[in-house]
Amino acid sequence: MSSVAVGSKWHGRLGLGLLLAPAILWLGALIVLPHADLAVLSLRERVGPRHYVASLAQYRTFFTEPLYWHVFVRTAVMSVIATFFTLLLAFPIAWIIAKLARGRSSSLLFMLCLIPFWVSETVRTLGWMILLRESGVLPSILVKLGITAVPVELLYHDATILVGLVYTSLLFMLIPLVSSLESLDNSLIEAAYDLGAGGFTTLRTIVIPHAAPGITAGCIVVFMLTLGNYLTPTLLGGKSSQWFTEQIYNQFITRFNWEQGAALGFLLLGLSTSLVMIGLKLAGQRFGDVMRRT
Amino acid sequence: MIPSLPRPRWLATATAAYLAAFLAFLFLPLIVVAVFAFNDAPYPAPPWHGFTWDWFLGNAKSNRVGLFKDTALLGSIWTSFVVAVWVTVLSVLIGISNAFLIERKNFAGKQVLSILMLAPLVIPGVILGISILAFASRVAEFVDDTFGLDWEYLRPGLPLVVLGQFSYIATISTLTISARLRRFDRTLEEAALNLGASRPAVFRTIVLPYLRPALIGSAAISFLMSFADFNTTLMLVGADAPLTVEMYGRMREGATPVLNAVSLFLMLASALLALGLMRGSPRNTGAAPG
């Protein structure tokens, strides 16, 4: 009896060890140690060939060099705007899918909205470039309609970057919104109507409070992805994109200034994490729940 | 607002119009990409010059290099494929292992570990890329200094690309497979053990078939996400560029419609994958989650 218990306990230990090893290897070697190393890298300064001293110089450069924090603030603000428009655009569609369409047509419509996101961002961005560039489809339509005399360049504007970012984020907003609206009981809306509430009042007092977890989850994910995006801003914004991830790339890959690049990377990580925390705090939610929702 | 309540006519019309506009917005870029793969002109731009297969079949003789003759592009598709297979296999395997760890085991620090497992989704891909790049180079330097060994695969290249993509795709497969394992009825397992089945036999004949939909789903998502990854890959890429990086390079220079051709090929491939998955399981047909 006791030898069986000891045996199974030993068996359990071995099993635990075997299951822990891959997880620890993954998180340790690919997440924790690389980020610790990046932190060390960002906190040192090169004073000679292969000679480094600990210093805050990299972070100081960020604050004294206007270009860096300019781009930093710009990236954050544009990301907030893109997140807001994504929510605005996706909410009515989520409502149609969750509440207005029924049964098969609802799931069909949902599927239809998800299809574009099965192909990569590169392909979708190529589509926008063909549509918007000076020799592209929309400018030539504008000329045909007589709205502009000559083809106008629709690429390389801030608005273009926003369109691209919103487009590429829609999926991540739609999924949590639809699932949170589907769980809203229709009888609550009917009750509000019977008690004389108008559409706007119902939206404000019934629908939005109920959908708040979904809205938060969608906004957080979209914001993070937008902040970290590289492809869409650089291709649709061209040289004027001024996106922070591009600065990191330039430091790391083009200029080989890894110390500076690491510091910029940490600043981006800090911005992303702190805004996520603020968002969660405002909505009073836990991180794990949000991630499970999406 | 909902079908059971009276809706003013203008609202119904506005809703329909909005839905139509939204779907046009969604599909316009894809339609344009597909259409201009067949335009008989050197650039993917209007006006329409007539239909051609050149951007698929063209060769040096016709002065147009089509997709099937473009060795650089074909090579990058193959590179992406190889990387995606590695990432998929690794992610699904660690997903199974992590699911059992989180759902079946209790140990000190479990809470911390399960939060840490979610972290890769919150870290921007660019930063995952640079941190792995810097760490790998430090390890390479260390190995070189102490043992005099030159570990080639710690330099930017495909092994690092695989590791970089795996570092966050593993989280997604872990979440998918754990969610399924959580709903598993453990009495089935106990019944099989009572009837004298060995643990490996129970795993093979009871647990694994139950997990199958989640395994297939997470494999498909891992493959797609790896194929589509750009941010992490860009930081870790060496001489062999995967498809996204190759396309990005050409898009910056203003490319020929051969990119439309390869895009159309990607669309068809993912449509086939989606159809295949839907046949496998009528429910659960969402695209890649965040």
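Computed from a predicted model, the values in this text were never measured in an experiment. Order of the sequence lines fixes the chain letters, A, B, ..., with proteins taken first and strands second; residue numbering starts at 1 for each chain.
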Please tell me if the side chains of [X] and [Y] come closer than 4.5 Å, counting only heavy atoms from C-beta onward.
X        : Y         : answer
His35(A) : Leu128(B) : yes
Leu30(A) : Tyr168(B) : no
Phe27(B) : Ile115(A) : yes

Please flag which part of [X] lies under 4.5 Å from any non-hydrogen atom of chain B: side chain, backbone, both or neither.
X         : result
Leu109(A) : side chain
Leu33(A)  : both
Phe252(A) : side chain
Leu231(A) : both
Leu16(A)  : both
Leu20(A)  : both
Leu112(A) : both
Leu126(A) : both
Tyr193(A) : side chain
Val222(A) : neither

Could you look at [X] and say if it's the side chain, the backbone, both or neither that has a heavy atom under 4.5 Å from chain A?
X         : answer
Tyr43(B)  : neither
Arg199(B) : side chain
Leu243(B) : neither
Ile94(B)  : side chain
Leu28(B)  : both
Asp229(B) : neither
Ile132(B) : both
Glu246(B) : neither
Ser137(B) : side chain

### Trp128(A) ring center near Phe25(B) ring center (under 6.0 Å)
yes
Closest heavy-atom pair and its distance - [X], [Y]:
X         : Y         : answer
Val122(B) : Ser272(A) : O-OG, 3.7 Å
Arg124(A) : Pro29(B)  : O-CB, 3.9 Å
Ile127(B) : Leu38(A)  : CG2-CD2, 4.2 Å
Lys105(B) : Leu19(A)  : CE-CD1, 3.8 Å
Thr234(A) : Arg252(B) : O-NH2, 3.8 Å
Gly228(A) : Val126(B) : O-CG2, 4.0 Å

Heavy-atom pair count under 4.5 Å with chain A, highest-scoring of [options]:
options                                   : answer
Pro124(B), Ser97(B), Ala228(B)            : Ser97(B)
Leu133(B), Leu273(B), Ile96(B), Ile130(B) : Ile130(B)
Phe230(B), Phe100(B), Phe36(B), Phe227(B) : Phe230(B)
Leu266(B), Asn231(B), Leu259(B)           : Asn231(B)
Leu113(B), Leu23(B), Asn98(B), Leu234(B)  : Leu234(B)
Leu93(B), Asn260(B), Asn106(B)            : Asn260(B)

How long is the straight-line distance from [atom2] of [Y] back to [atom1] of [X], given to the nearest 0.5 Å?
X         : Y         : atom1 : atom2 : value
Ile31(A)  : Met117(B) : CD1   : CE    : 11.5 Å
Met247(B) : Thr122(A) : CE    : OG1   : 5.5 Å
Leu100(A) : Leu19(B)  : CG    : CG    : 9.5 Å
Arg138(B) : Trp258(A) : CZ    : CH2   : 10.0 Å
Met224(A) : Leu121(B) : CE    : CG    : 7.0 Å
Tyr18(B)  : Trp95(A)  : OH    : CH2   : 14.5 Å

### Message
Heavy-atom count check: over 12 atoms from other residues, nucleotides or ligands less than 6.0 Å from Phe107(B) CZ?
### Response
yes
Out of [options], which one racks up the most heavy-atom pairs below 4.5 Å with chain B?
options                                    : result
Leu170(A), Thr273(A), Val40(A)             : Leu170(A)
Pro116(A), Ser120(A), Gly15(A)             : Pro116(A)
Leu235(A), Thr245(A), Ile253(A), Leu268(A) : Leu235(A)

### Task
Verify side-chain contact (heavy atoms from CB on, under 4.5 Å) between Cys113(A) and Leu26(B), making sure each step is shown before the conclusion.
CA-CA 7 Å; Cys113(A) 290; Leu26(B) 274 191; 4.1 Å; yes
### Task
Mind running side-chain contact (heavy atoms from CB on, under 4.5 Å) on Val33(B) and Val119(A) for me, showing each step along the way?
CA-CA 12 Å; Val33(B) 166; Val119(A) 295; over 6 Å; no
### Query
Between Trp26(A) and Ser167(B), is there a donor-acceptor pair closer than 3.5 Å when you use the side chain of the first and the backbone of the second?
yes
